[in-house]
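In what follows, a structure is listed as structure tokens, so that the remarks can point back to it.
Reckoned from all heavy atoms, side chains included, excluding hydrogens, waters and symmetry mates.
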Amino acid sequence: MTDALLDRRQRLLGPNVPTFYRAPVHIVAGQGVWLTAADGRRYLDAYNNVPHVGHAHPRVTEAVARQAATLDTHSRYLHDGILDYAERLVSRFAPPMAQVLFTCTGSEAMDVALRMAVSVTGRTGLIATDNTYHGNTTAVSQLSTRRPPVGGYPPNIRLVPPPGAESPAGGACGAPLEAFAAHVAEAVADLEAAGHGVAALVLCPVFANEGLPGVQPGWLEGAAAAVRATGGLVIADEVQPGLGRLGSDMWGHGFLGLAPDICVLGKSLGNGYPLAALVTSRAHMAAFRARFGYFNTFAATPVAAAAGNAVLDVMEAERLQQNAMEVGAALLTELQNLDHSALVRVTGHGLMAAVEMRDGDDAPATALAEEVVEQMKDAGVLIGRIGRQMHILKIRPPLPFGRAHVMRTVETLDRALRRAQTVAG
């Protein structure tokens, strides 16, 4: 059955369309933090952040169905639901963040953010980390190292090492923030000298794709100051850490004490319904609107707004940000209590954790990490991998994850590590 589906998939979708796991899972249903396969087997979802308030949450699905049965059209007509959602979303940001632009995906929102930074500053230089992912439009993909642009990176792009533990910027674990700030300052000077100037520094506040290095409040002050000294903006990609996942704060930049100029949101906003957004100040929005005409047929629809409003309702009613803080702390503690020779670092922020693995020569244990993920899947728990060498285990479940789910995940991981080390050894 799986082989037939894979053959059909390649015939219809083409080559190199990725799936999770060596033997992909055929998922047919989801509920809460659980996924059900075609053969009836249930999997604990400890990885997917799109179903932010849980797979198929009845309050969200009912709101979407009710609005779809009433009206779904674009935002060139007036609609209370769209404005209600915009007001609620913006109210969760500190001034001067006051206006929102809706898109369908985080990639689209980031694309707009880059154009907005150029509009505001009149400059074109962009700085990002050299092991990141912010989306897949032509403009945004130029910041990514997963698939370098054909013909090389544009001359206005500078990629710098992230702060962190897997490949510490500057090579010093004890001074990651100083090293990161120095790399950003060097990129700023280089862009200025080349005549591009600096439009923006783009980053995920917790550097999720880079390996979740365990940033702390104040870590990015030096880097932000270097960019702003020449008039550049800071763009915070909140697609992964945002909307309460960190527990302690609604947004990753809030945890850091960083005041970004533009925030990009996605994935979690609609709990699976295509909904993303950009939040910024009135002045920055005006600069963008003066230079670019922007309209998105399928963004800011009444149905999208219904999904977004329902997600916020559930977050409040079920105290999911508080749950992320409490259960996330338990997850981090249990992971840190694991005792395996290949396990060298555990970091976490709320319901997002990373487990770095290295071999006896301190080299990234990529094959071992892959085997652990496969062993976990075979045991009924789904996680993923991140990092430059894909040697860091990533745990990022829906927010209704509970303490019992934590124990199941960590106990399964403990067994998977032992089995994987036996296989690898």
Side-chain angles (χ1 to χ4, degrees), residues 75-76 78 82-103 105-128 134-135 137 139-140 143 156 184 187-188 191-192 195-205 220-239 241-243 249-266 269 275-296 299-300 305 308:
S75 60
R76 290 193 173 180
L78 300 179
I82 297 171
L83 299 179
D84 289 344
Y85 179 58
E87 193 168 55
R88 291 180 73 187
L89 187 61
V90 168
S91 73
R92 285 159 171 79
F93 288 82
M97 311 296 266
Q99 294 188 338
V100 59
L101 180 151
F102 290 111
T103 66
T105 69
S107 293
E108 292 173 328
M110 182 58 74
D111 191 281
V112 172
L114 299 184
R115 284 187 280 168
M116 183 174 290
V118 170
S119 300
V120 171
T121 65
R123 300 167 182 175
T124 60
L126 298 170
I127 304 171
H134 293 291
T137 70
V140 180
L143 304 177
N156 65 314
V184 171
V188 168
L191 287 168
E192 289 284 314
H196 302 293
V198 180
L201 166 66
V202 184
L203 50 81
C204 167
L220 301 186
E221 289 179 359
V227 169
R228 287 175 168 150
T230 58
L233 307 185
V234 175
I235 300 174
D237 184 342
E238 294 280 1
V239 170
L243 204 63
D249 296 82
M250 179 62 72
W251 311 107
H253 67 266
F255 165 71
L256 291 177
L258 177 71
D261 300 284
I262 303 170
C263 284
V264 171
L265 321 175
L269 295 187
L275 176 59
L278 173 156
V279 178
T280 191
S281 68
R282 289 183 172 86
H284 293 347
M285 187 70 79
F288 170 76
R289 292 292 188 181
R291 186 174 290 270
F292 292 98
Y294 183 83
F295 173 69
N296 189 318

Neighbour count >12 (heavy atoms, 6.0 Å) for atom CZ, Arg282: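 At most 12 heavy atoms, drawn from other residues, nucleotides or ligands, come within 6.0 Å of this atom.
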Write down the atom of [X], the atom of [Y], and the distance for their closest heavy-atom approach.
{"X": "Ser75", "Y": "Ala299", "answer": "OG-O, 4.2 Å"}
{"X": "His134", "Y": "Cys204", "answer": "CE1-N, 3.8 Å"}
{"X": "Ser107", "Y": "Thr137", "answer": "O-CG2, 3.8 Å"}
{"X": "Asn296", "Y": "Phe102", "answer": "CB-O, 4.5 Å"}
{"X": "Leu126", "Y": "Leu191", "answer": "N-CD1, 4.1 Å"}
{"X": "Pro205", "Y": "Glu238", "answer": "CG-OE2, 3.5 Å"}

As a quick check of understanding, evaluate side chain to side chain contact (heavy atoms under 4.5 Å, CB included) for Val279 and Ile262, giving each step before the final call. CA-CA 6 Å; Val279 178; Ile262 303 170; over 6 Å; no
Would you check if [X] and [Y] make a side-chain contact, meaning some heavy-atom pair closer than 4.5 Å?
{"X": "His253", "Y": "Leu220", "value": "no"}
{"X": "Arg228", "Y": "Val234", "value": "yes"}
{"X": "Ile235", "Y": "Asp261", "value": "no"}
{"X": "Tyr85", "Y": "Leu275", "value": "yes"}

Only one of Thr105, Thr103, Val140 forms a side chain to side chain contact (heavy atoms under 4.5 Å, CB included) with Asp111, so which one is it?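 Of the listed residues Thr105, Thr103, Val140, the side chain to side chain contact (heavy atoms under 4.5 Å, CB included) partner of Asp111 is Val140.
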Identified side chain to side chain contact (heavy atoms under 4.5 Å, CB included) partner of Val264 from the options Val239, Thr280, Val202: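 Going through Val239, Thr280, Val202 one by one, the side chain to side chain contact (heavy atoms under 4.5 Å, CB included) with Val264 is satisfied by Val239 alone.
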Begin from the C-alpha positions of Val112 and Tyr294 and carry the test side chain to side chain contact (heavy atoms under 4.5 Å, CB included) through to its verdict. CA-CA 9 Å; Val112 172; Tyr294 183 83; 3.6 Å; yes
Interatomic distance, [X] atom [atom1] to [Y] atom [atom2] [nearest 0.5 angstrom]:
{"X": "Leu269", "Y": "Leu243", "atom1": "CG", "atom2": "CG", "result": "6.0 Å"}
{"X": "Cys263", "Y": "Phe93", "atom1": "SG", "atom2": "CZ", "result": "5.0 Å"}
{"X": "Leu83", "Y": "Leu78", "atom1": "CG", "atom2": "CG", "result": "7.5 Å"}
{"X": "Leu89", "Y": "Leu265", "atom1": "CG", "atom2": "CG", "result": "6.0 Å"}
{"X": "Met285", "Y": "Met116", "atom1": "CE", "atom2": "CE", "result": "4.5 Å"}

Got a salt bridge between Arg88 and Asp84, using NZ or NE/NH1/NH2 to carboxylate O under 4.0 Å?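 No, this pair does not count.
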What residue pairs, at least two apart or across chains, pass side chain to side chain donor-acceptor pair (under 3.5 Å) with a residue in residues 91-100?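 Checked against side chain to side chain donor-acceptor pair (under 3.5 Å) - neighbours excluded - the pairs reaching residues 91-100 are Arg92-Glu316.
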N/O donor-acceptor pair under 3.5 Å between Asn156 side chain and Thr124 backbone: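 Indeed, once roles are kept as given, a pair shorter than 3.5 Å links the two residues.
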All side chain to side chain contact (heavy atoms under 4.5 Å, CB included) counterparts of Ala187, not counting sequence neighbours: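 In terms of side chain to side chain contact (heavy atoms under 4.5 Å, CB included), with neighbours along the sequence ignored, Ala187 is linked to Ile127, Arg158, Val160.
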Checking Val198 against Thr121 for the side chain to side chain contact (heavy atoms under 4.5 Å, CB included) test, could you report, in this order, the C-alpha distance in whole Å, the side-chain angles of both residues, the deciding distance, and whether it holds? CA-CA 8 Å; Val198 180; Thr121 65; over 6 Å; no
Side chain to side chain contact (heavy atoms under 4.5 Å, CB included) for Val118 and Phe288? Distances and angles first, verdict last. CA-CA 8 Å; Val118 170; Phe288 170 76; over 6 Å; no
Would you please name every residue forming a side chain to side chain donor-acceptor pair (under 3.5 Å) with His284, sequence neighbours left out?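 With neighbours one apart ignored, the set is empty.
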